[in-house]
Amino acid sequence: MLDLKFVRDNAERVSLMLRDRQVDLDLKSFLELDEDRRSILKEVEELKRRRNVASEEIARIKKEHGDATERIGEMREVSQQIKTLDLQLAVIQQSFDEILMLIPNMPHDSVVVGRDERDNPVVKVWGEPPEFDFEPKSHWDVAESLGILDFERAARMTGARFALYWGIGAAMERALISFMLDLHTRLHGYLEVLPPFIVNSTSLIGTGQLPKFKQDLFKLEDFDYYLVPTAEVPVTNIHANEVLEEDDLPKYYTAYTPCFRSEAGSYGKDTRGLIRQHQFNKVELVKFVKPETSYVELENLLANAETILQELGLPYRVVSLCTADLGFSASKTYDIEVWLPGQNTYREISSCSNFEDFQARRANIRYRRKGQSRTDFVHTLNGSGLAVGRTLVAILENCQQRDGSVVVPRILRPYLGNVERITSRQQVFSN
RNA sequence: GGAGAGAUGGCCGAGUCGGCUGAAGGCGCUCGCCUGCUAAGCGAGUGUAGGGUCAAAAGCUCUACCGAGGGUUCGAAUCCCUCUCUCUCCGCCA
């Protein structure tokens with residue numbers, strides 16, 4: 001969330017931000033609510049002060065065996081008033097907090113104002129889309145003829161938007177996860193963590209999925225538990241309510257988790273294939289950094305994610321999300337989009353964001369500067385490094401051959417018993 | 001699932017019959033003194049959030065916080081209720 005003082009002092013900027021993000025929110029009545037809140041607070045605090053003073057007095061009178069009945073009677077009334085005002089305050093405070101939690105983050109100055117995703121500027125293009133001397137197939141055609149992906153049986157055992165992986169397809173998914181984790185831990189200095197795949201609502205509020213995006217989540221019946229929509233949630237919350245030391249920053253974590261999303265409101269989209277699933281695997285990168293370094297850290301995080309695609313030899317481009325497309329909690333986001341020949345387009349495979357202190361304030365993640373007693377909020381960042389299912393999609397589509405086989409990217413072969421080419425599901429590893 | 005014990009400040013730990021307890025004592029930490037250096041010793045300080053005051057910061061001041069929420073009371077760390085978490089034992093289980 002935003003700093004309340006910032007909202008008060010910069011109402012104009014905040015309301016421009018709401019416009020640029022196309023968010024409909026009545027800032028004016030929020031600020032009025034704040035006024036009411038503070039005036040009641042002032043009143044009730046004055047009454048509490050009086051009560052405290054009188055309490056001491058009563059204690060003294062009683063110690064001296066005097067008669068305090070009159071003071072007690074007075075205070076009984078004051079207490080009643082306090083109770084009434086506290087109740088009023090709680091009501092206002094609640095709707096006030098609700099609104100504050102619904103105000104999105106301020107975009108960074110470098111983020112362009114746009115109307116929708118078509119206004120996202122392309123900031124980089126890497127690699128050449130491969131040339132085919134045949135009509136490239138979609139990944140679901142490639143995969144189903146190899147027998148490595150099975151959507152039909154998955155739909156039968158669960159429902160739409162789930163996949164069953166067979167044989168080397170399953171092994172490939174596992175290989176990609178290992179490859180990504182190895183690269184980030186060994187080359188980029190991230191510490192591997194394996195968090196719970198279920199989190200509570202407090203954690204989801206901390207990172208910004210709740211209260212606004214409840215409909216996107218899978219909730220466990222009768223529990224305050226949700227399946228993680230991304231590892232960002234548990235990993236960022238590792239340090240919730242902690243005060244870190246300046247010397248401990250920056251902290252880099254990487255985690256593999258499955259991700260669960262209800263995909264409410266995307267019923268017609270990407271109905272075939274692996275692109276949009278209720279469950280998918282992802283390796284995530286999360287950083288906790290000092291405010292003054294967070295934008296340099298974002299560039300590095302993006303580069304770390306890009307390395308995976310470069311090592312796999314998959315062509316991609318990077319776009320910077322415009323104000324209309326920017327996520328609720330983010331100040332700035334780069335999307336990496338991988339080339340998919342089967343769809344003749346670039347598709348999102350990673351999203352790298354700087355949240356500045358927005359999540360840190362919600363989750364209460366602070367740090368203490370050396371030699372200073374006061375604390376500051378850290379800046380948090382995260383990015384996919386990468387979405388594993390979509391990486392498999394990209395490999396299947398970019399590395400497919402005329403005969404229906406798929407050439408395994410060189411870097412991945414050690415993870416697959418040095419198999420060079422996928423020709424069937426039951427392929428035996430060569431060593 | 002059954003039985004019991006507990007949750008206090010950065011940490012340990014005290015809080016009697018509810019009343020100067022934001023919280024004794026110790027450790028740690030910071031600054032200063034002392035010292036040939038280190039250690040020891042001595043002195044002072046050392047939570048968070050919110051409100052008010054102030055152009056702003058500092059400062060001053062008020063309010064709240066002893067796992068969370070509610071209740072009793074003029075007044076609750078202390079009494080009552082509910083919940084959460086931790087620990088021990090039994091059962092079950094990967």
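Protein chains get the first letters and strands the later ones, always in sequence-line order, with residue 1 at the start of each. Remember, predicted model here, so these are calculated numbers, not experimental data.
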Determine yes or no for a side-chain-to-main-chain donor-acceptor pair under 3.5 angstrom, with Arg366(A) supplying the side chain and Leu244(A) the backbone.
no
Kindly say whether Glu348(A) contributes a backbone atom to a donor-acceptor pair with the side chain of Arg390(A) at under 3.5 angstrom?
yes
If I take atom CG from residue Asp335(A) and atom OG from residue Ser350(A), how far apart are they, to the nearest 0.5 angstrom?
7.5 Å
First of Ala59(A) and Asp3(A) reached from the 5' end of RNA chain B, by closest nucleotide
Ala59(A)
Close residues, residues 42-56 of chain A, relative to RNA chain B [heavy-atom separation under 4.0 Å]
Glu45(A), Lys48(A), Arg49(A), Arg51(A), Asn52(A), Ser55(A)
Does any residue of residues 79-97 of chain A have a heavy atom under 4.0 Å from RNA chain B, and if so, which ones, in number order?
Ser79(A), Lys83(A)
Check the phosphate of rC20(B) against Arg60(A), side-chain N and O only, distance under 4.0 Å to OP1 or OP2. Yes or no?
no
Quick one: which protein N/O atoms are closer than 3.5 Å to N/O atoms of nucleotides 68-70 of chain B? Pair and distance per line, please.
none

Describe the nucleic acid contact of Ile58(A) in one word from base, sugar-phosphate, nothing, applying a heavy-atom distance below 4.0 Å.
base
OP1 or OP2 of rC62(B) less than 4.0 angstrom from a side-chain nitrogen or oxygen of Arg38(A), does that happen here?
no
Show me the donor-acceptor pairs, under 3.5 Å and distance only, between side chains in residues 25-38 of chain A and residues at least two apart or in other chains.
{"residue": "Asp26(A)", "atom": "OD1", "partner": "Lys28(A)", "partner atom": "N", "Å": "3.3"}
{"residue": "Asp26(A)", "atom": "OD1", "partner": "Ser29(A)", "partner atom": "N", "Å": "3.3"}
{"residue": "Asp26(A)", "atom": "OD2", "partner": "Ser29(A)", "partner atom": "OG", "Å": "3.0"}
{"residue": "Ser29(A)", "atom": "OG", "partner": "Asp26(A)", "partner atom": "O", "Å": "3.3"}
{"residue": "Asp34(A)", "atom": "OD1", "partner": "Arg8(A)", "partner atom": "NH1", "Å": "3.3"}
{"residue": "Asp34(A)", "atom": "OD1", "partner": "Arg37(A)", "partner atom": "NH1", "Å": "2.6"}
{"residue": "Asp34(A)", "atom": "OD2", "partner": "Arg8(A)", "partner atom": "NH1", "Å": "2.9"}
{"residue": "Glu35(A)", "atom": "OE2", "partner": "Arg38(A)", "partner atom": "NH2", "Å": "3.4"}
{"residue": "Arg37(A)", "atom": "NE", "partner": "Gln93(A)", "partner atom": "OE1", "Å": "3.0"}

Taking the six-membered ring of Tyr252(A) as reference, does the NZ or CZ atom of Lys287(A) fall below 6.0 Å from its centre and within a 45° cone about the axis?
yes
When the side chains of residues 231-242 of chain A are checked against the rest of the protein, which donor-acceptor pairs come out under 3.5 Å, sequence neighbours left out?
{"residue": "Glu232(A)", "atom": "OE2", "partner": "Gln359(A)", "partner atom": "NE2", "Å": "2.8"}
{"residue": "Glu232(A)", "atom": "OE2", "partner": "Asn382(A)", "partner atom": "ND2", "Å": "3.4"}
{"residue": "Thr236(A)", "atom": "OG1", "partner": "Glu232(A)", "partner atom": "O", "Å": "2.7"}
{"residue": "Asn237(A)", "atom": "ND2", "partner": "Ser203(A)", "partner atom": "O", "Å": "2.9"}
{"residue": "Asn237(A)", "atom": "ND2", "partner": "Val233(A)", "partner atom": "O", "Å": "2.8"}
{"residue": "His239(A)", "atom": "ND1", "partner": "Glu242(A)", "partner atom": "OE1", "Å": "2.7"}
{"residue": "His239(A)", "atom": "NE2", "partner": "Tyr253(A)", "partner atom": "OH", "Å": "2.6"}
{"residue": "Asn241(A)", "atom": "OD1", "partner": "Asn364(A)", "partner atom": "ND2", "Å": "3.2"}

Hey, what do you get for NZ (Lys219(A)) to CG (Asp224(A)), rounding to the nearest 0.5 Å?
6.0 Å
Tell me if the aromatic rings of Tyr295(A) and His108(A) count as close, with their centers under 6.0 Å from one another.
yes
Check whether more than 12 heavy atoms from other residues, nucleotides or ligands sit under 6.0 Å from atom CD of Gln94(A), and answer yes or no.
no
Just by modelled atom types, is the Phe6(A) backbone N or O under 3.5 Å from a matching donor or acceptor in the Asn10(A) side chain?
yes
Nearest to the side chain of Leu41(A) - rA49(B), rG51(B), rC74(B)?
rG51(B)
Which part of the nucleic acid, if any, lies within contact of Arg8(A), taking any heavy atom under 4.0 Å across all strands shown: a base, the sugar-phosphate backbone alone, or nothing?
sugar-phosphate
Tell me every residue that passes side chain to side chain contact (heavy atoms under 4.5 Å, CB included) with Leu87(A), counting only those two or more places apart in sequence or in another chain.
none
Determine the interatomic distance between P on rA44(B) and the same-named atom on rA24(B); round to the nearest Å.
15 Å
